[in-house]
**Q** 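For reference, the structure I am asking about is given below.
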Amino acid sequence: MALKAVLVSDVPNLDQVPENASLALYSTRFSKGVEMGRVASRIPKFLVIGHRGNGMNALQSSDRRMRAIKENSIASFNSAANFPIDFVEFDVQVTKDDCPVIFHDNFILSEENGTVFERRVTELCLSEFLCYGPQREAGKEGKTLLRKTKDGKIVRWDVEKDDPLCTLQEAFEQVEPSLGFNIELKFDDCIVYEQDYLINVFQAILQVVLNYAKDRPIIFSSFQPDAALLVKKLQSTYPVFFLTNGGTELYHDVRRNSLEEAIKLCLEGGLQGIVSEVKGVFRNPGALTKIKEAKLSFLTYGKLNNVAEAVYMQYLMGIEGVIVDLVQEITEAVSDMIKPTTAEDGGDKNLLEGDGKMQMQVKSKPEFSQRELSFLLKLIPELIQI
């Protein structure tokens, strides 16, 4: 079930957010900063974004890399910062005492005397939330942390490098300051949220961002259309992207069911970009032309983004960045496949194309001709199983 429609025109702007704050996206990690907007959409490099930090946890995976570091943790964010990435993506929810915390799942699970207890994150106060998992205080033991898999199985949340749960404020204070934050505004699809509740949630989050972001690059994103529209209405400092499955899953709210609907939502609500499941754009590559014509930024997420060849294909298609789990492997692959043109390469005077996008030079992969690329774009939808 989708969020209840919110009349964003009736929502006042958040007074605490300055009208002329620092550039929406700027980082010492970028050679020329970043600006994303419908009027001037410019990303001067191919972005790599760490999913939930250094990668999500797949606790039943045979791949140890998916269980290396606790996802959505300070340790995971700083581990990702050791590699040439631009942002980390993470999920933010707000506790019942109005504290923004970083956690993906709607429910948090624990076990006591053989009985499993399940609590909704947003119904916990901050002190209750922080009691789960390892504790920062020496000698203090937290509640056992479990996780429910997609098939309903409950497993222990065991990783090689564990770390305490954290708040949004702690992330701002303790994570490498040049690393951008892609803040996903997390909501439960099964709940119809009232307007007042949503405003309260966003005010709590925006207050922390205002107080602690400083010059850190920030992107807001959400799968919930009304949530994305509302956070755009409440502030004008940071870009807001709409998250979509790109038609690979269907929802009651039709705005979530295709890239065409995502474009329409962004244009109507003044959002700056789209983040799609990569299968969505591989299945429907023609939508990318419409996205570019609309002057929207476009990023992707999904398991295929852990495959270097799929990432390279997206670069050739003109997609501006990818959210990945295998941060080290993909950053190394991107560095190997793509490098900025330099004066030594004879490309200094043509560093920027007409659309403001930095030209790239392939190091170890062959260039495709336009005819070959066109053929691949027609072939890929037939190869992708949705």
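Heavy atoms only: backbone and side chains are in, while hydrogens, waters and symmetry mates are out.
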**Q** Assess the side chains of S61 and D63: does a donor N or O sit below 3.5 Å from an acceptor N or O?
**A**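 Note: S61 and D63 side chains miss the donor-acceptor criterion.
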**Q** Do D226 and Y193 have side-chain atoms, one donor and one acceptor, less than 3.5 Å apart?
**A** no
**Q** Going from CD on Q93 to CG on D105, what distance comes out if it is rounded to the nearest 0.5 angstrom?
**A** 8.0 Å
**Q** Output yes when a side-chain donor or acceptor of E111 lies under 3.5 Å from a complementary backbone atom of L146, and no otherwise.
**A** no
**Q** Using a 3.5 Å distance criterion without hydrogens, assess whether the side chain of E277 forms a donor-acceptor pair with backbone atoms of K279.
**A**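 Yes; judged by distance alone, with no hydrogens or angles, the pair exists.
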**Q** Do V278 and I319 come within less than 4.5 Å of each other through their side chains, counting heavy atoms only?
**A**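 No, side chains not in contact.
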**Q** Can you tell me which residue among L326, L59, V159 is in a side-chain contact (heavy atoms from CB on, under 4.5 Å) with M66?
**A**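 Only one of L326, L59, V159 forms a side-chain contact (heavy atoms from CB on, under 4.5 Å) with M66, namely L326.
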**Q** Which of these, I102, V101, V175, L130, sits in a side-chain contact (heavy atoms from CB on, under 4.5 Å) with C166?
**A** I102
**Q** Using side-chain heavy atoms (C-beta onward) and a distance below 4.5 Å, is E128 in contact with R119?
**A**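 They are in contact (side-chain heavy atoms under 4.5 Å apart), so the answer is yes.
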**Q** Would a single hydrophobic cluster contain both I69 and I323, if residues Ile, Leu, Val, Met, Phe, Trp and Tyr are joined by side-chain heavy-atom contacts under 4.5 Å?
**A**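 No, separate clusters.
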**Q** Measure the CZ-CD distance between R216 and E176 for me, rounded to the nearest 0.5 Å.
**A**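 One gets 7.5 Å once the value is rounded to the nearest 0.5 Å.
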**Q** Sub-3.5 Å donor-acceptor pair from the side chain of E320 to the main-chain atoms of F298, do we have one?
**A** yes
**Q** Show your reasoning for whether side chain to side chain contact (heavy atoms under 4.5 Å, CB included) applies to T167 and F129.
**A** CA-CA 10 Å; T167 66; F129 173 76; 5.9 Å; no
**Q** At what distance, to the nearest 0.5 angstrom, does CG of L109 lie from CG of L145?
**A** 8.0 Å
**Q** Starting from the C-alpha separation in whole Å, work towards a yes-or-no answer on salt bridge (Lys or Arg N to Asp or Glu O under 4.0 Å) for D151 and K153.
**A** CA-CA 6 Å; D151 60 5; K153 184 177 180 180; over 6 Å; no
**Q** Between I154 and V116, what is the shortest heavy-atom contact and its length?
**A** CD1-CG1, 4.0 Å
**Q** Check whether R283 reaches the backbone of G247 with its side chain - one donor and one acceptor, N or O, closer than 3.5 Å.
**A**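 Here the side-chain-to-backbone pair exists.
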**Q** Under 3.5 Å, is there a donor-acceptor pair between the Q169 and N211 side chains?
**A** no
**Q** Aromatic rings F172 and F181: how do their planes relate, parallel, tilted or perpendicular, breaks at 30° and 60°?
**A** tilted
**Q** Could you verify whether a donor N or O on one side chain and an acceptor N or O on the other, from D325 and Y301, lie under 3.5 Å apart?
**A** no
**Q** Could you state whether F223 and F103 fall into the same hydrophobic cluster, counting links through intermediate Ile, Leu, Val, Met, Phe, Trp or Tyr residues with side-chain heavy atoms under 4.5 angstrom apart?
**A** no
**Q** So, the side chain of D86 versus the backbone of V48: is there a donor-acceptor pair under 3.5 Å, distance only?
**A** yes
**Q** Grab the two heavy atoms, one from S258 and one from E261, that are nearest each other, plus how far apart they are.
**A**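 Closest pair (atom of S258, atom of E261, distance): OG-N, 3.0 Å.
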**Q** Around E160, counting heavy atoms of other residues, nucleotides and ligands shown, do more than 12 lie under 6.0 Å from its CD?
**A**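 More than 12 heavy atoms, drawn from other residues, nucleotides or ligands, come within 6.0 Å of this atom.
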**Q** Is a side-chain N or O of E194 found less than 3.5 angstrom from the main chain of D196, in a donor-acceptor match?
**A** no
**Q** Please say yes or no: joined through hydrophobic side-chain contacts below 4.5 Å, possibly via intermediate residues, are Y238 and L229 part of one cluster?
**A** yes
**Q** Under the criterion side chain to side chain contact (heavy atoms under 4.5 Å, CB included), I'd like the reasoning laid out for F220 against V209: C-alpha separation, chi angles, the key distance, then a yes or no.
**A** CA-CA 11 Å; F220 288 113; V209 172; 4.1 Å; yes
**Q** Where do F46 and V322 land on the side chain to side chain contact (heavy atoms under 4.5 Å, CB included) test, with the steps shown first?
**A** CA-CA 8 Å; F46 185 76; V322 290; 3.9 Å; yes
**Q** Using 30° and 60° as the class limits, which term best fits the ring planes of F90 and F77: parallel, tilted or perpendicular?
**A**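 F90 vs F77 ring planes: tilted.
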**Q** For a 4.5 angstrom cut-off between non-hydrogen side-chain atoms, does C266 reach I274?
**A**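 Yes - at least one pair of side-chain heavy atoms lies under 4.5 Å apart.
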**Q** Quick one: closest heavy-atom pair of K292 and G318, and the distance?
**A** NZ-O, 2.9 Å
**Q** Tell me the closest heavy-atom pair linking S276 and V281, and the distance in Å.
**A** OG-N, 4.3 Å
**Q** Checking side-chain polar atoms at under 3.5 Å, does Q314 have a donor or acceptor matched by the opposite partner on N305?
**A**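 Side chains of Q314 and N305: pair found under 3.5 Å.
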**Q** Kindly determine whether V240 and Q272 satisfy side chain to side chain contact (heavy atoms under 4.5 Å, CB included), including the steps that lead there.
**A** CA-CA 6 Å; V240 181; Q272 284 87 353; 4.2 Å; yes
**Q** Would you call E89 and L243 a side-chain contact if the rule is heavy atoms closer than 4.5 Å?
**A**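 Side-chain contact under 4.5 Å: no.
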**Q** Taking all heavy atoms of S297 and all of I291, pick out the closest pair and write down the distance.
**A**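 The answer is O-CG2, 4.4 Å.
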**Q** Atom NZ in K232, atom OG in S222: separation rounded to 0.5 Å?
**A** 15.0 Å
**Q** Evaluate the salt bridge (Lys or Arg N to Asp or Glu O under 4.0 Å) criterion for residues R255 and E268: first the C-alpha distance (whole Å), next the side-chain angles of each, then the deciding distance (0.1 Å), finally the verdict.
**A** CA-CA 12 Å; R255 295 174 297 178; E268 291 178 350; over 6 Å; no
**Q** If two hydrophobic side chains count as joined below 4.5 Å and joins carry through other members, does F117 share a cluster with W157?
**A** no
**Q** Could you give the distance from CG (L250) to CZ (R256), rounded to the nearest 0.5 Å?
**A** 11.0 Å
**Q** What orientation do F202 and F187 show, parallel under 30°, tilted 30 to 60°, or perpendicular over 60°?
**A**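 Perpendicular, since the angle between the ring planes exceeds 60°.
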**Q** Closest approach of M317 and P285, non-hydrogen atoms and distance?
**A** CE-CB, 4.1 Å
**Q** With rounding to the nearest 0.5 Å, note down the distance linking OG1 in T144 to CG in D158.
**A**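 It comes to 9.5 Å.
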